[in-house]
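Structure first, commentary second.
Scope of the values below: all heavy atoms of this structure, side chains included, with no hydrogens, waters or symmetry mates. FYI, the numbering just counts along the sequence from 1.
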Amino acid sequence: MARMTDQPERWTRATVHPDMWTDPDDDPRDNEGPGPDGELPTLEGVLRDYRLTLRMKCEGLDPERLARRSVPPSTMSLLGLLRHLAEAERDWLNWISDGEPLPKLYGRRDGDFDGAVADQAVVDAAYADLEREQAATDAALARHPDLGERLGREKIAVRELLVHRIEEYARHCGHADLLRECVDGRVGQ
């Protein structure tokens, strides 16, 4: 006798490897062939792939599903993660700047998660904010290709900032894996 459950059925779009998010030929992350030469291109490639992974975990969901919270008392949601990482990108830009810091995008502490509500305008703004803040931080760092160079008031090394960015995206991609599986059962790398 089958039991009723509120747990979504696990599924994937992948047909080649059932533990993958999508088939290798459809994966926008280029994992075939030799990796990039050098430390900077390697770090930038890993960051790019984690950014793509986060977007993939959010694809195809309506505002309600993107804003769906994990488990109380957490306010974490996929939409909140998009907003949080936009806020983090702005913070990182502030770290390497010698000027006055830019204000927080979403106001008070935890505004990135608390304001992640099921509204298409909020979703559209989150994607636009993330894209804009990523581009601004990337452009600022592109002016400093020496990974040992120290920037900003805190004199953070470019290498340290790049590794920290990768770490933050990697951690939140893990959260996104679990959040997406809870939303609709979709699984994969």
Side-chain angles (χ1 to χ4, degrees), residues 4-14 20-22 26-29 46-97 99-141 161 164-189:
M4 294 288 292
T5 178
D6 60 356
Q7 299 300 316
E9 184 78 23
R10 292 172 53 97
W11 67 281
T12 179
R13 285 199 180 122
M20 294 180 76
W21 184 259
T22 190
D26 298 327
D27 195 332
R29 300 163 296 183
V46 171
L47 178 61
R48 181 193 61 246
D49 286 351
Y50 275 121
R51 286 173 169 176
L52 282 168
T53 298
L54 180 68
R55 286 185 173 269
M56 291 167 70
K57 294 295 176 174
C58 296
E59 73 183 5
L61 297 177
D62 62 22
E64 186 279 321
R65 288 179 163 192
L66 281 170
R68 189 173 296 166
R69 306 288 197 232
S70 58
V71 292
S74 176
T75 58
M76 190 177 291
S77 66
L78 289 165
L79 179 56
L81 289 177
L82 294 171
R83 290 166 50 99
H84 172 72
L85 286 162
E87 192 77 76
E89 290 284 354
R90 177 166 281 201
D91 286 345
W92 294 323
L93 185 59
N94 283 333
W95 289 2
I96 61 174
S97 172
E100 285 298 311
L102 298 168
K104 288 206 149 300
L105 284 173
Y106 305 112
R108 62 179 173 60
R109 181 184 161 114
D110 292 332
D112 42 2
F113 288 103
D114 293 339
V117 296
D119 180 297
Q120 189 62 52
V122 173
V123 171
D124 294 343
Y127 279 111
D129 291 345
L130 182 59
E131 188 173 314
R132 181 189 65 246
E133 298 302 322
Q134 286 172 338
T137 306
D138 290 348
L141 285 172
L161 181 60
H164 185 69
R165 291 169 85 196
I166 291 166
E167 170 193 55
E168 186 82 0
Y169 277 91
R171 177 176 43 252
H172 292 312
C173 282
H175 294 133
D177 283 340
L178 297 172
L179 287 163
R180 181 63 187 251
E181 188 173 356
C182 287
V183 166
D184 69 356
R186 188 163 181 196
V187 296
Q189 90 294 1

Crowded around Phe113 CZ? As in, over 12 foreign heavy atoms under 6.0 Å? yes
Under the salt bridge (Lys or Arg N to Asp or Glu O under 4.0 Å) rule, collect the residues that match up with Asp114, sequence neighbours excluded. Arg108
Arg186 CZ to Leu61 CG distance, which is reported to the nearest 0.5 Å: 9.0 Å
Name all residues meeting the side-chain hydrogen bond (donor to acceptor under 3.5 Å, both in side chains) criterion together with Ser77; count only those two or more places apart in sequence or in a different chain, and write none if there are none. none
List in chain and number order the residues that pass side chain to side chain contact (heavy atoms under 4.5 Å, CB included) with Glu131, two or more places apart in sequence or in another chain; answer none if no residue qualifies. Arg55
Measuring only between side-chain heavy atoms, which start at C-beta, is Leu66 closer than 4.5 Å to Val122? no
For Asn94 against Pro101, the heavy-atom pair lying closest together: OD1-CA, 3.3 Å
Between Glu168 and His172, does any side-chain donor sit less than 3.5 Å from a side-chain acceptor? yes
Rounded at 0.5 Å granularity, tell me how far CG in Asp91 sits from NE2 in His84. 8.5 Å
Salt bridge or not between Asp138 and Arg165? Use side-chain N to carboxylate O under 4.0 Å. yes
For the residue pair Lys57 and Leu81, establish whether any side-chain heavy-atom pair is separated by less than 4.5 Å. no
Not counting sequence neighbours, list each pair that qualifies as a ring pair (Phe, Tyr, Trp, His ring centres under 6.0 Å) and has a residue in residues 115-139. none
Please report the interatomic distance CG(Leu52) to CG(Leu47), rounded to the nearest 0.5 Å. 10.0 Å
Applying ring pair (Phe, Tyr, Trp, His ring centres under 6.0 Å), name anything that partners Tyr106, two or more places apart in sequence or on another chain. none
Which of Asp184, Asp177, Leu178 passes side-chain contact (heavy atoms from CB on, under 4.5 Å) with Arg180? It is Asp184
Residues forming a side chain to side chain contact (heavy atoms under 4.5 Å, CB included) with Ser70, sequence neighbours excluded: Ser74, Met76, Leu179
What pairs of residues pass the salt bridge (charged side-chain N to carboxylate O under 4.0 Å, His left out) test when at least one of them lies in residues 67-87, not counting sequence neighbours? Glu64-Arg68
Which residues satisfy the side chain to side chain contact (heavy atoms under 4.5 Å, CB included) test with Ala67, sequence neighbours excluded? Leu79, Ala118
Hey, does Arg51 have a side-chain heavy atom less than 4.5 Å from the side chain of Leu130? no
Parallel, tilted or perpendicular: which one describes the rings of Trp95 and Trp92, with boundaries at 30° and 60°? perpendicular
Any salt bridge between Asp112 and Arg90, counting N to O under 4.0 Å? no
Test log, rule side-chain contact (heavy atoms from CB on, under 4.5 Å), inputs Leu93 and Glu89: CA-CA 6 Å; Leu93 185 59; Glu89 290 284 354; over 6 Å; no
Residue set satisfying salt bridge (Lys or Arg N to Asp or Glu O under 4.0 Å) with Arg65, at least two apart, ordered chain then number -> none
I need the Tyr169 OH to Leu54 CG distance, nearest 0.5 Å. 7.5 Å
Sequence neighbours excluded, the answer for side chain to side chain contact (heavy atoms under 4.5 Å, CB included) partners of Gln120 is Pro63, Val123, Asp124
Could you tell me which residues satisfy salt bridge (Lys or Arg N to Asp or Glu O under 4.0 Å) with Arg132, sequence neighbours excluded, listed by chain and number? Asp129
